[in-house]
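This is a predicted model, so every value here is computed, not measured. Every heavy atom of this structure was used, including side-chain atoms; hydrogens, water molecules and symmetry mates were not. Note on naming: letters A, B, ... go to the chains in the order of the sequence lines (proteins, then strands), and numbering restarts at 1 for each one.
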2 protein chains.
Amino acid sequence: MENDADYLARLRDYYADHGVLPPYSTIMSLVGFKSKSPVAALVARLKLQGFLESTPDKRLKPGRRFFERPLCDSVRAGFPSPAADTHHDTLTIDEYLVSHPSRTVLVTVKGDSMNGAGILPGDTVVVEKRATANAGDMVIAIVDNEFTLKTLGREKGKFVLIPSNPAYPVIRPSSDLEIFGVVVGQFRKYK
Amino acid sequence: MENDADYLARLRDYYADHGVLPPYSTIMSLVGFKSKSPVAALVARLKLQGFLESTPDKRLKPGRRFFERPLCDSVRAGFPSPAADTHHDTLTIDEYLVSHPSRTVLVTVKGDSMNGAGILPGDTVVVEKRATANAGDMVIAIVDNEFTLKTLGREKGKFVLIPSNPAYPVIRPSSDLEIFGVVVGQFRKYK
DNA sequence: TACAATATGGAACGATCGTTCTTTTGTCAA
DNA sequence: TTGACAAAAGAACGATCGTTCCATATTGTA
């Protein structure tokens, strides 16, 4: 159907409000149907297009494309087409940055040793806790009982901590390096 | 119960995976119960604490505190192990970065003209839409039908756009400067 | 206008929903 | 060991779930 885009928009609104998708009966009144049959057909179409999926419990969940921004959003706002691909396909920033909530902590950045990597003092980094990491990962390591944010490197078979600021030295731990977690994201608030 | 934190963590992981909350029977197997009664009690407790809510359809939805993430201070003398898990500071990323959702859009950054300000290509900036800004604000301006991210400056009574990268020139608009919005936040995902 | 194709309404199905109750198990203190 | 209390298991409830069927209404085409 050609109204599917509108119906999908209503589902997105509902999801934005509640954080979950509604049952068929609620979709029914949400889009104005008077029976569940057209809802079933609608859901089937949206599933085929990748906007919806089902959980094993047969409930609806957002599909791969559910968070795509409709193109008409940019057009409606009157923005030039070059800008159309600068938008962002996520509803919440949290969902974008945090994949494993139970292993994730936020750490406030102190110091400017990672300046060159675009991480400034006062920024917050999203850290996935785990004891091992690969060279090249940005990690939170524990050095002298303090958190240290550096890039993990390898030197003659040993791990080293590399800052992204020429004013700081590479840290070559004498004992084994204790890794608190791996940095998977970062954010900053202005003003 | 004191295991509630762990159970909540599993619900958050489930939600991160599926984008919806499971029915009681799935929670049951998710946390290891063999009947639904303890699930009902668990849900009641989590509702009281603001982590869960119910939709009018009696389904579970994320509550106000569902997306709280633990926030560690980077300088912590004590050891960062499970011991200190008790009373973390928490932060909800979306609430922190977005104050006025209806006026806020996310824009993906292209180019490295703001490198020096810790904004890299591929980053996303949180933009509050408004037509006016003050000198010193970082703004999204519309120049030659394209979005441009620069710091707003003032030169002889006229607004100019200042990059944070010496390789780029200051932009001195001939006509009036059209401002799309002000940058209030920024975030980045690694990997 | 008449016909064919499609979409919706309405009803029925077994399954599962969330809730509530009682019974059993587990835990801690005396 | 016993008794008191709390938590979990288990069973049962009406309600609602998603699905499917067929009849009716709507639409497009000639």
Side-chain angles (χ1 to χ4, degrees), chain A residues 1-67 70 72 102, chain B residues 1-67 82 85-86:
Chain A
M1 243 292 245
E2 63 180 41
N3 285 332
D4 281 7
D6 177 50
Y7 297 155
L8 176 58
R10 299 195 192 214
L11 283 181
R12 292 201 240 243
D13 284 346
Y14 185 96
Y15 190 88
D17 279 350
H18 298 95
V20 290
L21 286 171
Y24 282 39
S25 57
T26 303
I27 301 181
M28 197 180 86
S29 46
L30 211 57
V31 306
F33 289 139
K34 293 185 179 175
S35 72
K36 290 192 287 182
S37 311
V39 176
L42 169 65
V43 167
R45 288 193 300 270
L46 293 179
K47 278 185 185 175
L48 268 183
Q49 298 172 73
F51 293 112
L52 293 178
E53 290 177 21
S54 283
T55 68
D57 315 297
K58 310 217 168 190
R59 294 191 168 183
L60 294 179
K61 64 176 226 179
R64 175 177 35 92
R65 301 176 57 195
F66 187 78
F67 299 106
C72 60
S102 61
Chain B
M1 244 294 246
E2 64 180 43
N3 286 331
D4 281 6
D6 177 50
Y7 298 154
L8 174 59
R10 298 196 193 212
L11 284 180
R12 295 209 239 233
D13 281 347
Y14 184 97
Y15 189 88
D17 279 350
H18 298 96
V20 289
L21 286 170
Y24 282 38
S25 57
T26 304
I27 301 181
M28 195 179 86
S29 46
L30 209 57
V31 305
F33 289 139
K34 292 186 180 176
S35 72
K36 290 192 288 182
S37 311
V39 176
L42 168 65
V43 167
R45 290 192 299 270
L46 293 179
K47 279 186 185 175
L48 268 183
Q49 298 172 75
F51 293 112
L52 294 178
E53 290 177 20
S54 283
T55 68
D57 315 297
K58 309 216 171 192
R59 295 190 169 185
L60 294 179
K61 63 176 222 178
R64 173 178 38 93
R65 302 178 57 196
F66 190 80
F67 299 102
D85 271 348
T86 38

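For residues 7-22 of chain B, every residue pair satisfying the salt bridge (charged side-chain N to carboxylate O under 4.0 Å, His left out) rule, not counting sequence neighbours, is listed here: B:Asp6-B:Arg10.
Each end of the helix from C:dT1-D:dA30 to C:dA30-D:dT1 yields a helix axis from five base pairs, and these two axes differ in direction by 30° (to the nearest 10 degrees).
Atoms NZ (B:Lys34) and P (D:dA8) sit 13 Å apart, rounded to a whole Å. Rounded to an integer number of Å, the gap from B:Leu42 CG to C:dG18 P is 13 Å. Residue B:Phe33 contributes atom CZ, which lies 13 Å from atom P of D:dG10 at whole-angstrom precision. Atom CZ of B:Arg45 is separated from atom P of D:dA8 by 7 Å (rounded to the nearest Å).
At a non-hydrogen distance threshold of 4.0 Å, nothing from residues 16-29 of chain A comes into contact with DNA chain C.
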Per-pair distances, 0.1 Å, donor-acceptor, side chain in residues 24-37 of chain B, under 3.5 Å, sequence neighbours excluded:
{"residue": "B:Thr26", "atom": "OG1", "partner": "A:Asp57", "partner atom": "OD1", "Å": "2.7"}
{"residue": "B:Thr26", "atom": "OG1", "partner": "A:Asp57", "partner atom": "OD2", "Å": "3.2"}
{"residue": "B:Ser29", "atom": "OG", "partner": "B:Thr26", "partner atom": "O", "Å": "3.1"}

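Two residues, B:Asp57 and B:Pro38, neighbour DNA chain D, and the one matched to the more 5' nucleotide by heavy-atom proximity is B:Pro38. Mapping B:Ala41 and B:Arg59 onto DNA chain D via the closest heavy atom, the residue that lands nearer the 5' end is B:Ala41.
In this structure, the salt bridge (charged side-chain N to carboxylate O under 4.0 Å, His left out) partners of B:Arg65, at least two apart in sequence or on a different chain, are B:Glu68. Shown here are the ring pair (Phe, Tyr, Trp, His ring centres under 6.0 Å) partners of B:Phe51, two or more places apart in sequence or in another chain: there are none. Scored by the salt bridge (charged side-chain N to carboxylate O under 4.0 Å, His left out) test, A:Arg64 finds no partners at all (sequence neighbours excluded). Taking the side chain to side chain contact (heavy atoms under 4.5 Å, CB included) definition, one finds that A:Lys47 meets it with A:Val43, A:Leu52, A:Ser54, A:Leu60, sequence neighbours left out.
Atoms CD and CG, on B:Glu53 and B:Leu21 in that order, are 11.0 Å from each other to the nearest 0.5 Å. Between the CG atom in A:Asp4 and the CD atom in A:Gln49 there is a gap of 6.0 Å [rounded to 0.5 Å]. The CZ atom of B:Arg59 sits 4.0 Å away from the CZ atom of A:Arg59 when rounded to the nearest 0.5 Å.
In terms of modelled atom types and a separation under 3.5 Å, the side chain of A:Tyr15 and the main chain of A:Phe66 share no donor-acceptor contact.
Residue side chain A:Lys36 does not reach the base of C:dG10 through any donor-acceptor N/O pair under 3.5 Å, judged by distance alone.
Smallest separation of non-hydrogen atoms from A:Pro62 and B:Gly19: CD-O, 4.0 Å.
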Does the protein touch nucleotides 21-28 of chain C at the base, only the backbone, or not at all? Give it as B, S and - per nucleotide, heavy atoms under 4.0 Å.
B-------
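Checking D:dA12, D:dC17, D:dG10 against the side-chain heavy atoms of B:Ser35 singles out D:dG10 as nearest. For B:Lys58, whose side chain is taken as the heavy atoms from C-beta onward, the closest listed nucleotide among C:dC17, D:dG18, C:dG18 is C:dG18.
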